[in-house]
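To start, the structure itself, in structure tokens.
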Amino acid sequence: MPKTKYSTHLGMVDILPGEVEKWRALEEIIHEEAARYNFEEIRTPIMEQTELIKRGVGQLTDIVTKEIFAFTKGDSHYVLRPELTAPVVRAFVQHHLAQRGGAQKLYYIGPMFRAERPQKGRQRQFHQFGLEVIGSDDPIADVECISFMMRIYQRIGIKNFTLKLNSVGDPESREAYKSVLREYLRPNFEKLSELSKTRFEKNPMRILDSKEPEDQEFIQNAPVISDHLNEDSAEHFKLVCKYLDMRGIEYVIDPLLVRGMDYYTRTAFELTSPDLGSQDALAGGGRYDLLVEEIGGQPTPAVGFAAGMERLLIACDELGIQLADEKSIDVFMVCLGDAARDWVIGQLPTFREHGISTTMDYKGRSMKAQMKEANRQNARFALIVGDNELEAGKFVFRNMIESTEQQLSVDEIIAQFKD
RNA sequence: GAGCCUGUAGCUCAGUCGGUUAGAGCGCUAGUUUGUGGCACUAGAGGCCGUGGGUUCGAUUCCCAUCAGGCUCCCCA
């Protein structure tokens, strides 16, 4: 790229005309499906208190330790939100949404910020949509989340993916499992990767997620958490699977699936696609029964997911899926001479008031240039106005697709658009 | 945060084994058609060859740095 004086920050991109239409189409699908599932939209500020994100997402996570944009002004510590689960839960607690009764079913669409090295499918400002069910520990809540997520991809036509599912257990199961895992790994501690060594004490489950070659042989034969779930968590996981089966949603149980945020409990899931390259996660989520309390609310079980919109759009491009129709316009008005131009300037609002999309050339160019413009704008009709037409009160109404013309009055033209 | 690769017109890319005016296709503007688009032909506009420094008589071509992009690792959406 030749340098211009100003440009976007690293990893932050403009969404230009031609691209925006895809975003709107995607957003419309999300809003429609959310309505069908009876989820309500929530919009929270782009910035949150730093402490909320640290507590919510986890002090030791990569997101908090190296990926947040934060600054301080006066006594306030601001952070650009890196994800939306903690902020939504904050809103739930702050506004006492539990008082509305029942489980709160919330969804969101918006930009997130993480200070990572950009690459394909990874930006510093990126967009997610997602939802949270706060106030239910019923496995059906988990499955409704997953079902909604899958429904979006199904509607768009992305089929080439894998739904991975696991249970990371409740605190009791997890502590028991962590001990078992540590005992299993301890004899080979020295052979583990450096990264895994640092995780050994605090979060040995993350070792399962390691891609370091030296860790692989130990991971392969590691004890599996599903063998160490207590009765409640095991039953919960069983029901999640059962409901997924009932919905006909295919999944793969992946005992190594451990997700990045600290707040996950029990159900964890991730949707990956081979069409994305290295950053292959389309969406991910899970249950977070302890987060509401962690943030200062009453103990409240909850579950949710987040999906990357850029990654979804990349998958669409790879698969040749057109999300948006080519843009078009009903009528392009072509004028010859000053009198005709004045007439057109006066007529545009009339057409628009009748719901007809219309415009004219703003550059005072030749008729040929105006016709080319009409063509470029994908006009269905060109309305050609010259002195003859003004005198007769009948105008050349050209069908640009069929290349046919009629002589019509304004009323007759407008009538054509009445269905 | 680490490694590798790339950076020439709005876009996709040629090219210069270092040497006077840097090329194509698409797109854009206009003409061929003094009142008609999409096709064709013609012409034109548009590049400090990403930026800064070094080597050299001379660099867009070589070297270094930097910025940006891609791929991989890490991690996640």
Handout entry: Donor + acceptor pair across side chains of Thr300(A), Glu293(A) (<3.5 Å)
Key = no

Output a table of donor-acceptor pairs, distance under 3.5 Å, between side-chain atoms of residues 312-326 of chain A and any protein atom two or more places apart or on a different chain; print 'none' if there are none.
unit_1    : atom_1 : unit_2    : atom_2 : d
Glu318(A) : OE2    : Lys120(A) : NZ     : 3.1
Glu326(A) : OE2    : Asn378(A) : ND2    : 3.2

For [N], which nucleotide is its Watson-Crick or G-U wobble mate, given both distances must be under 3.5 Å?
N: U55(B); result: none
N: A40(B); result: U32(B)
N: U16(B); result: none
N: C73(B); result: G1(B)
N: C49(B); result: none

Hey, does the side chain of [X] come within less than 4.0 Å of [N]'s phosphate (OP1/OP2), counting only N and O?
X: Arg365(A); N: U29(B); answer: yes
X: Arg117(A); N: G70(B); answer: no
X: Lys368(A); N: G31(B); answer: no

Problem - Side chain Gln123(A) and base A77(B) donor-acceptor under 3.5 Å - result: no

Exercise for the section: Can you check whether any acceptor in the base of G37(B) is under 3.5 Å from a donor in the side chain of Arg398(A), or vice versa? Expected result: yes

Handout entry: Nucleotide of G38(B), A77(B), A30(B) approaching Asn375(A) most closely (side-chain heavy atoms)
Key = G38(B)

Exercise for the section: Flag the pair Arg36(A) and Glu33(A) as a salt bridge only when some basic side-chain nitrogen lies within less than 4.0 angstrom of an acidic carboxylate oxygen. Expected result: yes

